[in-house]
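First comes the structure, then the notes that go with it.
Sequence lines set the chain letters: A, B, ... in the order given, protein chains first and strands last, and positions in each chain run from 1.
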Amino acid sequence: MSERYDAQAVEAKWQAAWEDAGLFRAERSDGRPSYYVLEMFPYPSGRIHMGHVRNYTMGDVVARYKRARGFDVLHPMGWDAFGLPAENAAFERGVHPAEWTYANIATMRGQLQSMGLSIDWEREFATCHPGYYEHQQALFLDFFEAGLVERKEAWVNWDPVDGTVLANEQVVDGRGWRSGALIEKRRLAQWFFRITRFADELLEALEALPRWPDKVRLMQRNWIGRSEGAHALFPIEGRGEALEVFTTRPDTLFGASFCALSPNHPLATSLAESDSALAAFIAECNLAGVGERDIEAAGKRGYDTGVRVRHPFDADRTLPLYVANFVLMDYGTGAIFGCPAHDQRDLEFARSQGLPVIPVVCPPGEDAGAVEIGAEAYVGDGTAINSGFLDGLSVAEAKARAIAALAERDAGGAAVSYRLRDWLISRQRYWGCPIPMVHCSSCGVVPVPREALPVRLPEDVTFDAPGNPLDRHAGWKHTACPRCGGPGERDTDTMDTFVDSSWYFARFCAARADVPLPESDVAPWLPVDQYIGGIEHAVLHLLYSRFFTKALKRCGYLDIEEPFAGLFTQGMVCHETYRDADGRWYYPDEIETRAGNLVTREDGRPIAIGRSEAMSKSKRNTVDPEAIIEAYGADTARLFMLSDSPPERDLEWTDTGVKGAWRYVAALWRLVTSPPVPLAPCGAAVPGHDSLATSLRGLRRTIHKTIAGVTEDLERFHFNRAVARVRELTNALSAIEASLGAGHVMREGLETATRLLGPVVPHLAEEAWRRLGHDSWLAREPWPEPDPALLVDDIVIVAVQVDGKKRATISLPAGHGKAEAESAAMADGGVRRALAGRDVRKVIVVPGRIVNVVT
RNA sequence: GCGGGCGUGGCGGAAUUUGGUAGACGCGCGUGGUUUAGGACCACGUGGCUAAGGCCGUGGGGGUUCGAGUCCCUUCGCCCGCACCA
């Protein structure tokens with residue numbers, strides 16, 4: 001009689017035992033090669049969700065697998081603990097952000113530990129701990145000294161709901177990424193990290209990241225948005241200055257019919273001082289929102305300033321200067337020249353303003369005299385026309401010639417522009433890392449001396465009013481200027497929390513060090529060998545971390561180019577959605593099936609099933625991992641996470657799928673505890689392979705092919721296939737036939753399955769390993785090696801096609817020749833029938849694969 | 001608009017790296033068994049059509065090839081990222 005597998009008891013037992021034995025401490029004390037696997041650390045929101053379970057399961061499989069492959073593995077965990085939700089909780093419930101955060105961390109740590117993750121918990125830290133953020137403040141000062149931090153006044157994105165500014169990356173469709181509020185443009189003095197100084201490096205280094213998904217590299221490339229072109233100066237009539245524009249089409253300069261400024265361009269501001277209509281137009285543009293879609297709806301609008309600018313190539317020619325709503329202040333120079341014939345936007349603007357359209361590129365094969373521009377600008381290649389000294393040149397040639405001409409005339413020259421902007425890190429919030437700067441009326445901005453770090457967050461703050469509590473805390477805010485000793489004010493802003501997560505991966509190498517990143521601890525581990533997390537961080541977090549790595553290198557902390565040598569982006573965990581007739585959402589555990597219909601448990605209201613979407617609280621389609629772990633155990637949850645769906649794709653959470661995973665856990669335990677044939681003693685060698693019955697020899701080949709296949713699958717992140725392969729193996733083992741040596745083969749098979757599943761279902765595997773008679777830690781056992789001799793079959797099944805259609809299969813000895821395969825195929829009854837006496841023109845033989853008889 | 005990805009049984013997906021027996025593994029479903037009962041367990045079956053021999057099948061159409069889910073062209077559908085970036 002087989003015993004029932006008690007997952008809860010087994011899992012608790014081994015979790016405690018692993019912890020006591022310190023099995024997962026990263027040592028760096030022996031000669032083993034290092035391997036650093038890291039999953040994106042969680043925000044302590046309260047409880048873990050299924051996305052965490054999926055992420056950390058994958059990371060744990062890699063960690064356990066690499067450990068078995070002989071690596072000294074670093075697999076740490078920590079908390080991305082600063083951020084707005086803690087302040088919201090404080091505001092709503094009167095609990096201090098620190099208290100709320102640390103309580104959540106305690107809960108979530110327990111939940112993660114119940115998953116049986118092989119984590120070195122001794123390295124755990126939270127970014128809200130002064131022991132972390134004091135070093136971040138030191139890094140800020142280092143960056144400041146290195147010229148990588150800058151305070152400047154800029155048009156910034158103001159989120160009126162969160163009451164703070166946001167980085168460009170945090171504005172999505174003109175709205176705040178957290179609040180969803182329409183973003184306003186405000187001009188404020190703020191701190192920036194000068195990420196644009198690394199724009200080219202960040203772009204070029206993408207090529208050197210072969211183990212990153214193409215998609216992420218492409219997204220970053222687009223985000224950096226490098227454009228090559230030219231700067232051109234248009235002298236302004238009646239002023240002793242020139243208007244500088246950026247263009248990627250200097251070849252079309254002769255087609256210019258106007259210039260236009262962004263509403264926020266300094267010249268526009270200055271002109272508006274003496275032109276109230278212009279001032280009103282600018283105000284209107286800023287009011288209409290900055291969402292590009294809003295402008296799209298409003299159409300292209302402009303205001304003729306009356307000012308004229310001179311053409312750089314033709315001093316006799318002047319152009320009108322407009323302020324236009326479609327010109328962006330934060331790209332290029334905030335000013336453009338318009339060539340309507342060869343730019344769609346300029347064409348639309350020119351048509352609405354009645355400006356001339358001068359074709360200067362003749363499409364191939366067209367008559368230069370007859371080029372007409374209708375509703376569509378011509379943006380293709382061609383030959384320059386109406387363009388003076390450029391006439392006759394191709395677009396590429398004309399660009400080069402025009403750039404040279406601009407330079408000759410001191411009217412501009414080659415220029416590169418980026419979409420990427422500097423990273424605005426000031427946040428008008430309490431729960432973040434204080435910026436270690438003091439504002440002094442006589443000394444200006446003064447850094448806090450290093451010996452005075454950390455600048456601690458004061459604990460006695462109030463959240464009963466909107467705005468930044470630090471700004472209201474007089475005792476904290478007012479301090480002596482470190483330079484002159486006079487009255488000073490602390491910078492009351494805190495750093496964007498993306499700063500915290502831009503270097504935590506390095507800090508894990510020396511989590512308790514009293515300097516930020518001691519080289520002797522950090523260098524052996526970095527870069528991270530395998531980083532795993534969600535695709536939603538493709539630009540923000542991953543770009544910032546890359547910038548930090550380059551900045552840290554410049555400051556002498558690191559000697560690596562890139563933080564993450566390998567990156568894997570996992571898919572989301574999805575679930576069906578449930579709504580009633582009023583459109584209210586219901587959690588899966590709030591509904592049930594009655595008489596074949598889906599209804600609410602509580603009052604039987606009919607429920608409609610909606611499409612499967614990423615689990616979210618707003619759609620109420622979440623399943624609590626803790627409930628699953630309590631009901632089935634962590635191994636079942638882990639197994640389900642890795643089965644069926646490829647890890648980079650979205651995973652559909654289903655009850656039946658979880659039950660299927662549980663069935664397999666129970667079935668594997670049954671197979672170990674009551675195998676179909678009595679097991680040979682532990683440690684007994686398999687008898688001579690040739691002495692075994694045919695079916696046992698085949699089974700042994702299956703065992704060794706499974707080792708090879710699973711190994712390759714794990715290396716390539718094909719977890720779903722790895723699981724399927726082991727299931728195939730255990731299916732084959734269940735069907736074993738009793739004969740001489742069967743007990744040995746059964747043991748070999750069970751031990752192999754146990755080892756191969758160790759990374760996936762570690763508790764079950766550890767328990768099974770002991771049940772099989774071992775007294776070693778499975779978690780410390782080396783990975784099995786396949787016997788190369790057993791990876792090849794001695795008999796192969798070869799398909800035989802007639803004219804490309806399969807008509808038969810034949811058995812042939814491995815290593816058979818072409819002639820042997822051909823004669824066996826021609827002798828086959830099915831083949832002869834299909835041929836029906838027709839003449840054979842050709843026979844193609846791929847030994848071991850296929851025979852194709854062509855008539 | 002620009003860029004990228006994906007279309008395979010009732011469902012999730014294998015096979016695409018290297019063109020060579022399509023549908024591994026699982027879910028669901030069906031039949032039978034077992035059990036006091038079970039949403040448990042066991043066995044067998046399960047792409048479609050066909051009485052059979054067989055025919056048809058990887059979104060549609062075309063091409064290359066002895067042979068195409070895999071390569072090429074074209075078309076349709078869905079998803080994702082960016083979006084007046086000059």
For [N], take OP1 and OP2 only and decide whether either is under 4.0 Å from a side-chain N or O of [X].
X      : N     : result
A/S643 : B/C25 : no
A/N720 : B/A14 : yes
A/R833 : B/G54 : yes
A/N731 : B/G26 : yes
A/R727 : B/G13 : no

So, using salt bridge (Lys or Arg N to Asp or Glu O under 4.0 Å) as the criterion, who are the partners of A/E207 when residues are at least two apart? A/R221

Can you check the [X] [atom1] to [N] [atom2] distance for me, whole Å?
X      : N     : atom1 : atom2 : answer
A/L639 : B/G12 : CG    : C1'   : 14 Å
A/M219 : B/C2  : CE    : C1'   : 15 Å
A/I535 : B/C6  : CD1   : P     : 14 Å
A/E648 : B/C79 : CD    : P     : 20 Å
A/D803 : B/U21 : CG    : C1'   : 17 Å
A/E244 : B/A86 : CD    : P     : 16 Å
A/Y331 : B/A83 : OH    : P     : 13 Å
A/R419 : B/C2  : CZ    : P     : 17 Å

Between [N] and [M], how far apart are the two [atom1] atoms, rounded to whole Å?
N     : M     : atom1 : value
B/C73 : B/C27 : P     : 40 Å
B/U21 : B/U70 : P     : 14 Å
B/C44 : B/G26 : P     : 12 Å
B/C42 : B/G81 : P     : 43 Å
B/U17 : B/A68 : P     : 15 Å
B/U8  : B/G69 : P     : 15 Å
B/G54 : B/C71 : C1'   : 31 Å
B/G13 : B/U58 : C1'   : 13 Å

In the strands shown, is [N] matched to any nucleotide by a Watson-Crick or G-U wobble pair with both distances under 3.5 Å, and which?
N     : value
B/G23 : none
B/C49 : B/G54
B/G32 : B/C42

How is [X] classified with respect to the nucleic acid when contacts are heavy atoms under 4.0 Å: base, sugar-phosphate, or nothing?
X      : value
A/V854 : sugar-phosphate
A/I797 : base
A/G660 : sugar-phosphate
A/E728 : sugar-phosphate
A/V327 : base

A/Y331: ring-ring contact (aromatic ring centres under 6.0 Å, His included) partners, not counting sequence neighbours: none

Tell me every residue that passes ring-ring contact (aromatic ring centres under 6.0 Å, His included) with A/H537, counting only those two or more places apart in sequence or in another chain. A/H541

Nucleotide nearest [X] when distance is taken to its side chain, options [options]:
X      : options             : result
A/F246 : B/G20, B/A86, B/G28 : B/A86
A/I850 : B/G20, B/A86, B/G3  : B/G20
A/S645 : B/A86, B/G13, B/C25 : B/G13
A/D644 : B/G12, B/G28, B/G81 : B/G12
A/K842 : B/C27, B/C66, B/C55 : B/C66
A/A799 : B/C66, B/U21, B/G81 : B/U21
A/L218 : B/G12, B/C66, B/G4  : B/G4
A/A724 : B/A24, B/G81, B/A86 : B/A24

A/E822/A/K818 under salt bridge (charged side-chain N to carboxylate O under 4.0 Å, His left out): CA gap, chis, key distance, verdict: CA-CA 6 Å; A/E822 181 173 340; A/K818 287 194 175 189; over 6 Å; no

Please tabulate, for the side chains in residues 841-855 of chain A, all donor-acceptor contacts under 3.5 angstrom to protein atoms that are two or more places apart in sequence or on a different chain.
unit_1 : atom_1 : unit_2 : atom_2 : d
A/R841 : NE     : A/T855 : O      : 3.2
A/N852 : OD1    : A/G804 : N      : 3.1
A/T855 : OG1    : A/D803 : OD1    : 3.4
A/T855 : OG1    : A/D803 : OD2    : 2.8

Quick one: is the NZ or CZ of A/K300 closer than 6.0 Å to the six-membered ring centre of A/F349, and within 45° of its axis?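 Not satisfied by the 6.0 Å and 45° rule.
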
Quick check: on RNA chain B, is the nucleotide nearest A/K805 upstream (toward 5') of the one nearest A/A661, or the reverse? Name the residue that is more 5'.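 With A/A661 and A/K805 compared, the 5'-side residue is A/A661.
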
A/R807 or A/R249, whichever maps to the more 5' nucleotide of RNA chain B: A/R807

When the ring planes of A/H311 and A/F234 are compared, do they come out parallel, tilted or perpendicular, using 30° and 60° as the limits? perpendicular

Under the side chain to side chain contact (heavy atoms under 4.5 Å, CB included) test, residues paired with A/K806 that sit two or more places apart: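 Applying side chain to side chain contact (heavy atoms under 4.5 Å, CB included) to A/K806 gives A/A799.
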
Partners passing side chain to side chain contact (heavy atoms under 4.5 Å, CB included) against A/I591 (at least two apart in sequence or in another chain):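 Side chain to side chain contact (heavy atoms under 4.5 Å, CB included) list for A/I591, sorted by chain: A/Y578, A/Y586, A/L598, A/I607.
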
Starting at CG of A/D635, measure out to CH2 of A/W662 and round the result to the nearest 0.5 Å.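 These two atoms lie 9.5 Å from each other.
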
If I take atom CG from residue A/D346 and atom CZ from residue A/F337, how far apart are they, to the nearest 0.5 angstrom? 7.5 Å

If you restrict it to nitrogen or oxygen atoms, what contacts under 3.5 Å exist between nucleotides 16-19 of chain B and the protein, and what is each distance?
unit_1 : atom_1 : unit_2 : atom_2 : d
B/U17  : O2     : A/R716 : NH1    : 3.2
B/U17  : O2     : A/R716 : NH2    : 2.9

Name all residues meeting the side-chain hydrogen bond (donor to acceptor under 3.5 Å, both in side chains) criterion together with A/D713; count only those two or more places apart in sequence or in a different chain, and write none if there are none. A/R725

Where does B/G9 fall, syn or anti, if syn means a chi angle no more than 90° from 0?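 Here B/G9 takes the syn form, which means its glycosidic angle is within 90° of 0.
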
Filtered N/O pairs between nucleotides 37-42 of chain B and protein, under 3.5 Å:
unit_1 : atom_1 : unit_2 : atom_2 : d
B/C42  : OP1    : A/R670 : NH2    : 2.8

Is the backbone of A/V416 close enough, under 3.5 Å, to the side chain of A/R226 for a donor and an acceptor to pair up by distance?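 Side chain of A/R226 to backbone of A/V416: no pair is present.
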
